Novice: 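Have a look at this one before I ask anything.
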Amino acid sequence: MSDTVIDGVDYGPLACLLGAWKGDSGMDVAPEPGDTEDNPYYETITFEAAGDVTNAEEQILSVVRYHQEVRRKSNDKVFHDQVGYWLWDSVTGAIIQTLTIPRAVTLLAGGTATVTEDRTVFEVQARDGDPDWEIVQSPFMREKARTLEFRHQLTVKGDRMRYTETTVLDIYGDHHFDHTDQNTLQRQ
Ligand code: HEM
(Lines give C-alpha, C1' and ligand atoms only; values in the text may rest on other atoms or scores of the structure.)
Protein backbone atom coordinates (compact mmCIF):
# COMPACT_ATOMS: atom_id res chain seq x y z
CA MET A 1 0.00 0.00 0.00
CA SER A 2 1.17 3.47 -0.80
CA ASP A 3 1.85 5.88 2.08
CA THR A 4 -0.72 8.22 0.55
CA VAL A 5 -3.52 5.77 1.53
CA ILE A 6 -5.34 6.31 4.85
CA ASP A 7 -8.28 4.13 5.92
CA GLY A 8 -8.64 2.87 2.36
CA VAL A 9 -8.70 6.33 0.73
CA ASP A 10 -5.83 7.39 -1.53
CA TYR A 11 -5.10 11.08 -1.01
CA GLY A 12 -2.45 11.13 -3.75
CA PRO A 13 -0.60 14.48 -3.84
CA LEU A 14 -2.81 15.86 -1.04
CA ALA A 15 -1.30 13.44 1.50
CA CYS A 16 1.74 15.67 1.97
CA LEU A 17 -0.52 18.42 3.36
CA LEU A 18 -1.84 16.44 6.32
CA GLY A 19 -1.04 17.65 9.82
CA ALA A 20 -0.81 20.86 11.79
CA TRP A 21 1.53 23.56 10.50
CA LYS A 22 2.84 26.73 12.09
CA GLY A 23 4.64 29.68 10.54
CA ASP A 24 5.73 33.03 11.93
CA SER A 25 7.24 34.85 8.95
CA GLY A 26 3.99 35.80 7.21
CA MET A 27 3.56 39.07 5.33
CA ASP A 28 0.21 40.46 4.23
CA VAL A 29 -0.27 43.44 1.92
CA ALA A 30 -3.86 44.67 2.22
CA PRO A 31 -5.87 47.64 0.98
CA GLU A 32 -6.82 50.70 2.95
CA PRO A 33 -8.35 53.90 1.59
CA GLY A 34 -5.76 55.65 -0.60
CA ASP A 35 -2.96 53.44 0.72
CA THR A 36 -1.78 49.91 1.52
CA GLU A 37 -1.06 48.28 4.86
CA ASP A 38 1.74 45.77 5.46
CA ASN A 39 0.89 43.28 8.20
CA PRO A 40 3.51 40.85 9.51
CA TYR A 41 1.70 37.75 10.78
CA TYR A 42 1.93 34.26 12.24
CA GLU A 43 -0.51 31.43 11.69
CA THR A 44 -1.63 27.85 12.16
CA ILE A 45 -3.05 25.74 9.33
CA THR A 46 -4.47 22.29 10.06
CA PHE A 47 -5.20 19.80 7.30
CA GLU A 48 -7.26 16.66 8.06
CA ALA A 49 -8.01 13.58 6.01
CA ALA A 50 -11.79 13.69 5.40
CA GLY A 51 -12.40 10.60 3.25
CA ASP A 52 -13.81 10.72 -0.25
CA VAL A 53 -17.02 11.63 -2.06
CA THR A 54 -18.67 10.15 -5.15
CA ASN A 55 -20.44 12.53 -7.53
CA ALA A 56 -23.12 11.27 -9.93
CA GLU A 57 -21.87 7.73 -9.30
CA GLU A 58 -18.93 8.59 -11.52
CA GLN A 59 -16.44 11.08 -10.11
CA ILE A 60 -14.53 10.28 -6.94
CA LEU A 61 -12.82 13.10 -5.09
CA SER A 62 -10.40 12.61 -2.19
CA VAL A 63 -11.03 15.24 0.47
CA VAL A 64 -8.68 17.14 2.80
CA ARG A 65 -10.37 19.64 5.13
CA TYR A 66 -8.41 22.65 6.36
CA HIS A 67 -8.61 25.58 8.74
CA GLN A 68 -6.26 28.57 8.58
CA GLU A 69 -6.03 30.97 11.52
CA VAL A 70 -3.87 34.05 11.06
CA ARG A 71 -2.81 36.51 13.78
CA ARG A 72 -1.31 39.97 13.44
CA LYS A 73 2.11 40.15 15.09
CA SER A 74 1.45 43.67 16.32
CA ASN A 75 -1.46 42.68 18.62
CA ASP A 76 -1.81 38.85 18.49
CA LYS A 77 -5.41 39.17 17.28
CA VAL A 78 -6.88 36.86 14.62
CA PHE A 79 -7.33 39.00 11.51
CA HIS A 80 -7.93 36.30 8.91
CA ASP A 81 -9.85 33.04 9.35
CA GLN A 82 -10.35 30.66 6.45
CA VAL A 83 -11.89 27.22 6.03
CA GLY A 84 -12.21 24.97 3.03
CA TYR A 85 -11.23 21.77 1.29
CA TRP A 86 -8.52 20.55 -1.00
CA LEU A 87 -9.87 17.94 -3.44
CA TRP A 88 -8.10 15.50 -5.77
CA ASP A 89 -9.56 13.60 -8.71
CA SER A 90 -7.31 10.59 -9.22
CA VAL A 91 -8.63 9.97 -12.75
CA THR A 92 -7.98 13.43 -14.22
CA GLY A 93 -5.35 14.59 -11.71
CA ALA A 94 -7.36 17.77 -11.14
CA ILE A 95 -6.82 19.69 -7.91
CA ILE A 96 -9.51 21.94 -6.46
CA GLN A 97 -9.27 24.30 -3.50
CA THR A 98 -12.51 25.59 -2.04
CA LEU A 99 -12.32 28.47 0.43
CA THR A 100 -14.63 30.55 2.54
CA ILE A 101 -13.76 33.68 4.52
CA PRO A 102 -16.12 35.46 6.89
CA ARG A 103 -16.28 38.60 4.74
CA ALA A 104 -18.97 36.75 2.72
CA VAL A 105 -16.58 35.69 -0.01
CA THR A 106 -16.20 32.11 -1.16
CA LEU A 107 -14.55 30.55 -4.17
CA LEU A 108 -13.65 27.42 -6.11
CA ALA A 109 -10.08 27.44 -7.47
CA GLY A 110 -8.91 24.80 -9.94
CA GLY A 111 -5.45 23.71 -10.99
CA THR A 112 -2.73 21.13 -10.72
CA ALA A 113 -0.26 19.40 -8.43
CA THR A 114 3.25 18.81 -9.72
CA VAL A 115 5.07 16.07 -7.84
CA THR A 116 8.84 15.79 -8.18
CA GLU A 117 11.41 13.83 -6.21
CA ASP A 118 11.66 16.23 -3.27
CA ARG A 119 8.55 18.42 -3.42
CA THR A 120 4.92 18.88 -4.40
CA VAL A 121 3.78 22.17 -5.93
CA PHE A 122 0.07 23.04 -5.98
CA GLU A 123 -1.12 25.83 -8.27
CA VAL A 124 -4.77 26.87 -8.37
CA GLN A 125 -6.71 29.91 -9.47
CA ALA A 126 -10.19 31.39 -9.66
CA ARG A 127 -11.59 34.40 -11.48
CA ASP A 128 -14.74 36.49 -11.16
CA GLY A 129 -17.06 35.32 -13.97
CA ASP A 130 -14.95 32.30 -14.91
CA PRO A 131 -17.22 29.52 -16.22
CA ASP A 132 -15.35 26.84 -14.24
CA TRP A 133 -13.51 28.37 -11.29
CA GLU A 134 -15.75 31.05 -9.88
CA ILE A 135 -15.81 33.54 -7.02
CA VAL A 136 -19.08 34.14 -5.14
CA GLN A 137 -19.49 37.23 -2.99
CA SER A 138 -22.23 39.08 -1.18
CA PRO A 139 -23.93 42.03 -2.93
CA PHE A 140 -22.10 44.42 -0.58
CA MET A 141 -18.68 42.98 -1.41
CA ARG A 142 -19.47 42.82 -5.13
CA GLU A 143 -20.20 46.56 -5.04
CA LYS A 144 -17.58 47.82 -2.58
CA ALA A 145 -14.67 45.37 -2.37
CA ARG A 146 -14.98 43.01 -5.30
CA THR A 147 -12.62 40.04 -5.57
CA LEU A 148 -11.65 39.74 -9.24
CA GLU A 149 -9.07 37.00 -9.12
CA PHE A 150 -7.32 34.58 -6.77
CA ARG A 151 -4.02 32.83 -7.49
CA HIS A 152 -2.36 30.47 -5.04
CA GLN A 153 0.91 28.55 -5.21
CA LEU A 154 1.76 26.22 -2.33
CA THR A 155 4.90 24.07 -2.11
CA VAL A 156 5.52 21.23 0.34
CA LYS A 157 9.03 19.90 0.78
CA GLY A 158 9.17 17.37 3.62
CA ASP A 159 7.94 19.15 6.74
CA ARG A 160 8.30 22.61 5.24
CA MET A 161 5.53 24.46 3.43
CA ARG A 162 5.69 27.75 1.58
CA TYR A 163 2.82 29.59 -0.06
CA THR A 164 2.21 32.78 -1.94
CA GLU A 165 -1.24 33.98 -2.85
CA THR A 166 -2.56 36.99 -4.71
CA THR A 167 -6.14 38.19 -4.36
CA VAL A 168 -6.90 40.90 -6.92
CA LEU A 169 -9.43 43.41 -5.56
CA ASP A 170 -11.47 46.28 -6.95
CA ILE A 171 -11.66 48.53 -3.88
CA TYR A 172 -11.42 52.22 -2.91
CA GLY A 173 -11.38 53.24 -6.59
CA ASP A 174 -8.39 51.02 -7.40
CA HIS A 175 -9.60 48.57 -10.05
CA HIS A 176 -6.61 46.22 -9.66
CA PHE A 177 -5.22 46.03 -6.14
CA ASP A 178 -2.88 43.08 -5.52
CA HIS A 179 -3.74 41.91 -1.98
CA THR A 180 -0.88 39.45 -1.29
CA ASP A 181 -0.03 36.93 1.42
CA GLN A 182 2.95 34.69 1.89
CA ASN A 183 4.42 32.54 4.61
CA THR A 184 6.68 29.59 5.36
CA LEU A 185 5.43 26.94 7.80
CA GLN A 186 6.77 23.87 9.62
CA ARG A 187 4.80 20.71 10.26
CA GLN A 188 4.38 20.26 14.06
C1 HEM B 1 -3.30 35.10 4.96
C2 HEM B 1 -4.36 35.48 4.25
C3 HEM B 1 -5.03 36.83 4.38
C4 HEM B 1 -4.85 37.84 5.28
C5 HEM B 1 -3.89 37.88 6.45
C6 HEM B 1 -5.74 38.91 4.92
C7 HEM B 1 -5.84 40.14 5.56
C8 HEM B 1 -6.58 41.22 5.13
C9 HEM B 1 -6.56 42.55 5.69
C10 HEM B 1 -5.70 43.00 6.85
C11 HEM B 1 -7.43 43.31 4.97
C12 HEM B 1 -7.70 44.81 5.15
C13 HEM B 1 -8.95 45.05 5.86
C14 HEM B 1 -8.84 44.75 7.29
O15 HEM B 1 -7.99 45.35 7.98
O16 HEM B 1 -9.59 43.88 7.77
C17 HEM B 1 -8.02 42.45 3.98
C18 HEM B 1 -8.97 42.85 3.08
C19 HEM B 1 -9.61 42.00 2.21
N20 HEM B 1 -9.33 40.68 1.99
FE21 HEM B 1 -7.89 39.63 2.87
N22 HEM B 1 -6.46 38.53 3.83
C23 HEM B 1 -6.06 37.27 3.47
C24 HEM B 1 -6.55 36.51 2.42
C25 HEM B 1 -7.65 36.84 1.67
C26 HEM B 1 -8.30 35.96 0.72
C27 HEM B 1 -7.84 34.53 0.40
C28 HEM B 1 -9.34 36.65 0.21
C29 HEM B 1 -10.37 36.24 -0.81
C30 HEM B 1 -10.18 35.30 -1.71
C31 HEM B 1 -9.35 37.96 0.83
C32 HEM B 1 -10.27 38.94 0.56
C33 HEM B 1 -10.21 40.20 1.07
C34 HEM B 1 -11.12 41.26 0.68
C35 HEM B 1 -12.26 41.13 -0.31
C36 HEM B 1 -10.73 42.40 1.38
C37 HEM B 1 -11.34 43.79 1.28
C38 HEM B 1 -12.22 44.09 2.44
C39 HEM B 1 -11.92 45.44 3.06
O40 HEM B 1 -10.75 45.80 3.18
O41 HEM B 1 -12.86 46.11 3.43
N42 HEM B 1 -8.30 38.02 1.71
N43 HEM B 1 -7.49 41.18 4.10
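Here the structure is a predicted model, which means the values were calculated and not measured. Computation of the quantities below employed the complete heavy-atom set of this structure, encompassing side-chain atoms and omitting hydrogens, waters and symmetry-equivalent molecules. Counting convention: from 1, in listed order, for ligands and their atoms alike.
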Novice: Verify the distance criterion only: is there a donor paired with an acceptor across the side chains of Gln82 and Tyr66 at less than 3.5 Å?
Specialist: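 The criterion, which ignores hydrogens and geometry beyond distance, is satisfied for Tyr66 and Gln82.
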Novice: Look only at the side chain of Arg65 and the backbone of Val83, and say whether a donor-acceptor pair between them is shorter than 3.5 Å.
Specialist: no
Novice: Between Trp86 and His152, does the ring centre distance come in under 6.0 Å?
Specialist: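 Under 6.0 Å, so yes.
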Novice: Dump all N/O pairs between ligand 1 and the protein below 3.5 Å as a table: atom names plus distance, one pair per row.
Specialist:
| unit_1 | atom_1 | unit_2 | atom_2 | d |
| --- | --- | --- | --- | --- |
| ligand 1 | 16 (O) | Arg103 | NH2 | 3.0 |
| ligand 1 | 20 (N) | Arg103 | NE | 3.4 |
| ligand 1 | 20 (N) | His179 | NE2 | 3.1 |
| ligand 1 | 22 (N) | His80 | ND1 | 3.4 |
| ligand 1 | 22 (N) | His179 | NE2 | 2.9 |
| ligand 1 | 42 (N) | His179 | NE2 | 3.1 |
| ligand 1 | 43 (N) | Arg103 | NH2 | 3.3 |
| ligand 1 | 43 (N) | His179 | NE2 | 2.9 |

Novice: Do Asn183 and Ser25 have side-chain atoms, one donor and one acceptor, less than 3.5 Å apart?
Specialist: yes
Novice: Within the distance-only criterion (no hydrogens, no angle test), does the side chain of Tyr11 pair as donor or acceptor with the backbone N or O of Gly51 below 3.5 angstrom?
Specialist: yes
Novice: Which residues satisfy the side chain to side chain donor-acceptor pair (under 3.5 Å) test with Arg103, sequence neighbours excluded?
Specialist: none
